[in-house]
Amino acid sequence: SVCSSKLALSQVHPMWQEPLAVPGGDRQSPVDIVVRESIFDPQLRPLKVQYDPRTCQQIWNNGYSFLVEYDDTTDKSTLKGGPLEDQFRLCQFHFHWGENNTWGSEHSIDRRLYPAELHLVHWNSDKYSLFEESVIEENGLAVIAVFLKVGKRHEGLQKLVDALPAVRHKDSVVEFTKFDPACLLPENINDYWTYAGSLTTPPLTEAVTWIVMKQHIEVSHDQLAVFRSLLFTSAEEQLQRSMVNNFRVQQALKGRTVRSSFT
Ligand SMILES: Cc1ccnc(S(N)(=O)=O)n1
Ligand SMILES: [Zn+2]
């Protein structure tokens, strides 16, 4: 699947050097979610997640994060319900993290940051036939965000952690199969916030329905340390730079409403 951020790489941006302005940027991400200003919407339905581990293909270091990519040529791993009108196909998941456990997430809850954040990226397969098409449409993408907190070791994540040294450098890829991303979801996926936003790395397009989980997952300090052992730089580059702080600065809400699925 080409849903990875090759598109992102096509718009060469210096690392985290923000483009001056995004065309008509009035729904940019990430944002701080102010809980008392979010609005309970009783019409939000339960999320329906159906992932098939057999669609898992590879892990790729794209120079922004590491992406676990799924075969999205059929409707085998899908997301629907919640705030979504259509069916969406899982194409990849990745993380954002900090240099320490104090910060690293892209979103925050009442200004509280987490050490890392998981993004499960899906595109609207009812309306479009390719990820690349959906990425420029306002109802094109749905991203589930899950906060990571440092605590007990996450057994399901360990298989992924063990594969990371093989993709230490930018543009490295390793085969990675039979991984069920549902193991990275919190027990309760029916308590979430949702708002209309954008991709947080280039092309930063305003195509994303964000679904931010209220419940976090726990990973161990050592597991996060392996994330930080990755590099932004390719094997050829003279100066190696640790892949840390790969989050975007928070953006203005600009009058958007954040809805909650719970009271
Ligand atoms: C696929 C993709 C590209 C760029 N940015 C994102 S993100 N961080 O908004 O999930 N996802
Ligand atoms: Zn992301």
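Every number for a ligand or one of its atoms is a count from 1 in the order of the listing. Quantities reported herein were computed from a predicted structural model and do not represent experimental measurements.
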Inset, instruction - State which residue, out of Phe40, Trp193, Tyr192, fulfils the ring-ring contact (aromatic ring centres under 6.0 Å, His included) condition with Phe262. - result: Trp193
Inset, instruction - Under 2.8 Å from the Zn ion (ligand 2), which protein N, O or S atoms are there? Could you list them by chain and number? - result: His94 NE2, His96 NE2, His119 ND1
Inset, instruction - Tell me, please: is Arg248 in heavy-atom contact with ligand 1, that is, under 4.0 Å? - result: no
Inset, instruction - Report yes or no: does Trp210 have a heavy atom closer than 4.0 Å to ligand 1? - result: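 Yes, Trp210 has a heavy atom closer than 4.0 Å to ligand 1.
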Legend entry - Backbone or side-chain N or O of Thr201 under 3.5 Å from ligand 1 N or O: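 The answer is yes, given that Thr201 and ligand 1 share an N or O pair closer than 3.5 Å.
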Legend entry - Nitrogen or oxygen atoms of His94 and ligand 1 under 3.5 Å apart: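 Yes - when backbone and side-chain N and O of His94 are compared with those of ligand 1, one distance drops under 3.5 Å.
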Legend entry - Subset of ligand 1 atoms that lie under 4.0 Å from at least one heavy atom of Val121: 1 (C), 10 (O), 11 (N)
Inset, instruction - Using a strict cut-off of 4.0 Å, indicate which atoms of ligand 1 neighbour a heavy atom of His96. - result: 8 (N)
Inset, instruction - Could you tell me whether the side chains of Thr73 and Asp71 share a donor-acceptor contact shorter than 3.5 Å? - result: yes
Inset, instruction - Compare Val135, Thr200, Ile144, Leu141 and give the one whose heavy atom is closest to atom 7 (S) of ligand 1. - result: Thr200
Inset, instruction - For atom CD of Gln215, decide whether the heavy atoms of other residues, nucleotides or ligands shown that lie under 6.0 angstrom number more than 12. - result: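 Enclosed: over 12 neighbouring heavy atoms sit under 6.0 Å from CD of Gln215.
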Inset, instruction - Check step by step if salt bridge (Lys or Arg N to Asp or Glu O under 4.0 Å) holds for Asp41 and Arg259. - result: CA-CA 6 Å; Asp41 180 351; Arg259 291 180 289 162; 2.8 Å; yes
Legend entry - For Phe88, ring pair (Phe, Tyr, Trp, His ring centres under 6.0 Å) partners two or more places apart: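 So Phe88 forms no ring pair (Phe, Tyr, Trp, His ring centres under 6.0 Å) with any residue.
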Inset, instruction - Indicate yes or no for a side-chain donor-acceptor contact from Asn190 to the backbone of Leu47 under 3.5 Å, with no hydrogens or angles considered. - result: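 Pair found, side chain donor or acceptor close to backbone of Leu47.
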Inset, instruction - Determine, step by step, whether Tyr114 and Trp97 satisfy the ring pair (Phe, Tyr, Trp, His ring centres under 6.0 Å) criterion, reporting the C-alpha distance in whole Å, the side-chain angles of both residues, the deciding distance to 0.1 Å, and the verdict. - result: CA-CA 8 Å; Tyr114 287 81; Trp97 59 91; over 10 Å; no
Inset, instruction - Going by the side chain to side chain donor-acceptor pair (under 3.5 Å) test, name the single residue among His216, His107, His94 that passes it with Glu117. - result: His107
Inset, instruction - Assign the ring pair Phe93 / Tyr70 to parallel, tilted or perpendicular, where the plane angle (0 to 90°) is split at 30° and 60°. - result: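 The rings of Phe93 and Tyr70 sit tilted, inter-plane angle from 30° to 60°.
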